[in-house]
Amino acid sequence: MKTIDELLAEGVAGKRVFVRADLNVPLDGDTITDDGRIRAVQPTIKALAEAGAKVVVASHLGRPKGAPDPAFSLAPAAARLGELLGTEVAFATDTVGESAKATVAGLADGQVAVIENLRFNPGETSKDDAERDAFAARLAELADLYVGDGFGAVHRKHASVYDLPGKLPHAAGFLISTEVGVLKKLTDDVQRPYVVVLGGAKVSDKLGVIDNLLKKADRILIGGGMAYTFLAAKGHEVGISLLQADQKDTCLEYLAEAEKRGVEFVLPVDVLVSSEFPDLKTKAPAHPDTVAADAIPADQEGLDIGPKTRELYAAKLADAGTVFWNGPMGVFEHPDYANGTKAVAQALLDSPGFTVVGGGDSAAAVRTLGFDETAFGHISTGGGASLEYLEGKTLPGLAALED
């Protein structure tokens with residue numbers, strides 16, 4: 001895989017460089033609530049601009065239905081990128097139409113433009129190879145070189161991620177190179193004990209990664225909504241907690257496989273419960289109760305790991321050589337249910353090992369809860385991409401960047 005350092009060494013001055021970024025930031029109206037993904041790709045864009053390239057930045061945002069939708073415009077992301085770069089960033093109001101062509105044609109050496117949301121064009125996400133290829137061909141007309149740096153999208157077989165690199169000389173940006181290096185430390189060069197912390201809502205979202213990590217990890221700690229399916233599988237009452245009843249047999253298989261392989265598979269021993277889901281807008285006090293994980297009342301819902309579990313998980317992380325964490329321990333958006341996620345984040349900071357926060361809600365939680373991002377070994381920008389890599393899958397966007 002060619003790197004951006006090699007591309008820069010060859011010279012990019014005066015050339016149009018298409019950067020496939022991941023600017024898929026959360027928005028509250030026009031306000032970006034977490035700009036982490038924009039900041040993550042900034043070094044690549046800045047290096048290309050400083051080397052005299054005409055930089056054309058493209059990304060998706062959200063899930064529009066293959067047509068323009070103002071709610072998913074990249075205009076706020078373009079404005080924020082300009083603030084971070086300290087320079088004006090041009091914005092094209094379409095992807096491959098007249099605005100995009102004119103905007104790119106108007107770039108001087110060292111200038112940056114962002115084109116509108118790629119998913120406004122149905123060719124970006126089409127499962128029809130010909131339709132996707134045709135859109136990629138039109139994107140290729142905007143550039144001379146391609147740099148892939150949208151790690152959060154490399155698990156998608158989309159036109160700008162998979163098809164376009166084959167039409168232009170291509171290289172991996174700083175972010176993708178870093179992410180791949182980190183993931184290799186989690187698969188090929190693991191320092192032990194290797195502890196994996198998995199949370200989030202659904203067991204089904206993590207089936208492949210659990211299956212693969214049972215062959216690699218020394219300990220797996222489970223939290224979040226997915227914990228209640230494991231607890232139910234063991235025969236415990238989980239009340240009205242989030243439950244995937246159809247996954248209980250799979251959970252039992254994983255528990256049996258972990259025991260067979262000598263992998264510690266750790267479930268919560270206590271949880272915070274309430275009869276009502278908290279109000280995440282007003283953050284009104286929720287007054288949860290703490291109960292044993294095997295004694296959740298029938299009319300109560302588990303919403304965070306309890307204090308004994310927080311202590312237990314911190315102890316299991318204390319001697320880790322490598323930690324991978326993906327998924328919050330509870331409803332961290334509400335202060336009464338944030339302590340489990342806070343405890344795991346703090347335990348990662350206290351751990352002597354190499355710590356990786358696996359993107360998605362985990363990365364958002366780290367920032368929301370006020371932790372210093374630089375204190376962690378690595379914070380990924382791609383939750384789904386990271387998980388699929390750890391499952392052992394071939395990621396289309398990475399395969400396309402191979403020489």
Side-chain angles (χ1 to χ4, degrees), residues 1-4 6-7 12 15-24 41 44-45 48 53-69 72-74 77 91-105 107 113-173 175-177 179-180 382 384-385 388-389 393-403:
M1 187 181 295
K2 189 173 188 176
T3 68
I4 189 172
E6 294 173 275
L7 194 68
V12 295
K15 295 183 178 179
R16 301 169 301 163
V17 182
F18 188 104
V19 177
R20 202 331 180 162
D22 179 9
L23 307 181
N24 185 27
V41 76
T44 290
I45 296 169
L48 289 166
K54 301 172 182 179
V55 187
V56 182
V57 182
S59 176
H60 69 289
L61 192 152
R63 296 179 183 273
K65 306 297 182 181
D69 183 338
F72 297 106
S73 175
L74 278 173
F91 182 67
T93 57
D94 57 27
T95 56
V96 291
E98 293 307 313
S99 179
K101 293 175 184 176
T103 301
V104 173
L107 290 176
V114 173
I115 64 173
E116 187 54 285
N117 192 336
L118 291 163
R119 290 184 182 175
F120 286 1
N121 190 305
E124 170 68 1
T125 59
S126 177
K127 290 183 168 52
D128 181 274
D129 291 348
E131 184 179 15
R132 213 176 50 245
D133 185 75
F135 180 52
R138 295 185 69 189
L139 289 172
E141 293 174 2
L142 300 174
D144 305 303
L145 303 169
Y146 177 95
V147 172
D149 215 27
F151 182 73
V154 293
H155 58 314
R156 306 295 187 192
K157 194 175 182 180
H158 290 171
S160 65
V161 176
Y162 178 73
D163 301 272
L164 182 55
K167 299 182 182 302
L168 295 168
H170 52 264
L175 176 60
I176 279 186
S177 296
E179 293 273 11
V180 171
E388 290 199 16
Y389 189 101
K393 291 184 177 179
T394 296
L395 306 188
L398 296 186
L401 292 174
E402 297 289 347
D403 293 328

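Position 1 is the first residue of the sequence, and the numbers go up from there.
Every residue meeting the side chain to side chain contact (heavy atoms under 4.5 Å, CB included) condition with Asp129, not counting sequence neighbours, appears here in chain and number order: Arg132. Residues passing the side chain to side chain contact (heavy atoms under 4.5 Å, CB included) test with Val96, sequence neighbours excluded: Asn121, Phe135, Arg138, Leu139. Applying the side chain to side chain donor-acceptor pair (under 3.5 Å) test to Asp144 and every residue at least two apart in sequence or in another chain returns Arg16. Scanning for side chain to side chain contact (heavy atoms under 4.5 Å, CB included) contacts around His158 gives Arg119, Glu124, Thr125, Arg156, Val161, with sequence neighbours left out. By the side chain to side chain donor-acceptor pair (under 3.5 Å) test, Ser126 pairs with Glu131, sequence neighbours left out. Listed by chain and number, the residues in a salt bridge (charged side-chain N to carboxylate O under 4.0 Å, His left out) with Asp69 amount to none (sequence neighbours excluded). Residues satisfying the side chain to side chain donor-acceptor pair (under 3.5 Å) test with Glu141, not counting sequence neighbours, are none. Partners of Glu179 by side chain to side chain donor-acceptor pair (under 3.5 Å), not counting sequence neighbours, listed by chain and number: His378, Ser380, Thr381. In terms of the side chain to side chain contact (heavy atoms under 4.5 Å, CB included) criterion, residue partners of Ala113 (sequence neighbours excluded) are, by chain and number, Ala90, Thr103, Leu107.
Note that the CD1 atom of Ile115 and the CZ atom of Phe18 stand 4.5 Å from one another [nearest 0.5 Å]. Rounding to the nearest 0.5 angstrom, the gap separating the OG1 atom in Thr394 from the CD atom in Glu402 is 10.0 Å. If you take OG1 on Thr95 and NZ on Lys101, they are separated by 10.5 Å, rounding to the nearest 0.5 Å. Atom CG of residue Asn117 and atom OG1 of residue Thr93 lie 13.0 Å apart, to the nearest 0.5 angstrom.
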Would you tabulate the side-chain donor-acceptor contacts of residues 57-68 under 3.5 Å, counting partners in other chains and residues two or more places apart, or write 'none'?
unit_1, atom_1, unit_2, atom_2, d
Ser59, OG, Leu23, N, 2.8
His60, ND1, Arg20, NH1, 3.3
His60, ND1, Arg20, NH2, 3.3

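For the pair Ala53 and Val17, the tightest heavy-atom approach, listed with the atom from each and the gap, is CB-CG2, 3.7 Å. Closest approach of Ala136 to Asp163, counting heavy atoms only: CB-CB, 3.7 Å. When all heavy atoms of Ala400 and Pro165 are compared, the pair lying nearest together is O-CB, 3.7 Å. Heavy atoms only, all atoms of each residue included: Met1 and Leu398 are closest at CE-O, 3.7 Å. Residues Ala92 and Ser99 share a closest heavy-atom pair of CA-OG, 3.4 Å. For the residue pair Ala385 and Leu395, the shortest heavy atom distance occurs at O-CD1, 3.7 Å.
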Show, in sequence, the C-alpha distance, side-chain angles and deciding distance for Val41 and Phe151, and conclude whether the side chain to side chain contact (heavy atoms under 4.5 Å, CB included) test is met.
CA-CA 9 Å; Val41 76; Phe151 182 73; over 6 Å; no
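With Asp149 as reference, Ile176 is the one residue of Ile4, Val154, Ile176 to meet the side-chain contact (heavy atoms from CB on, under 4.5 Å) rule.
At distances below 3.5 Å, not a single donor-acceptor pair connects side-chain atoms of Glu116 with backbone N or O atoms of Ser73.
For the pair Tyr146 and Leu401, the minimum side-chain heavy-atom distance is below 4.5 Å.
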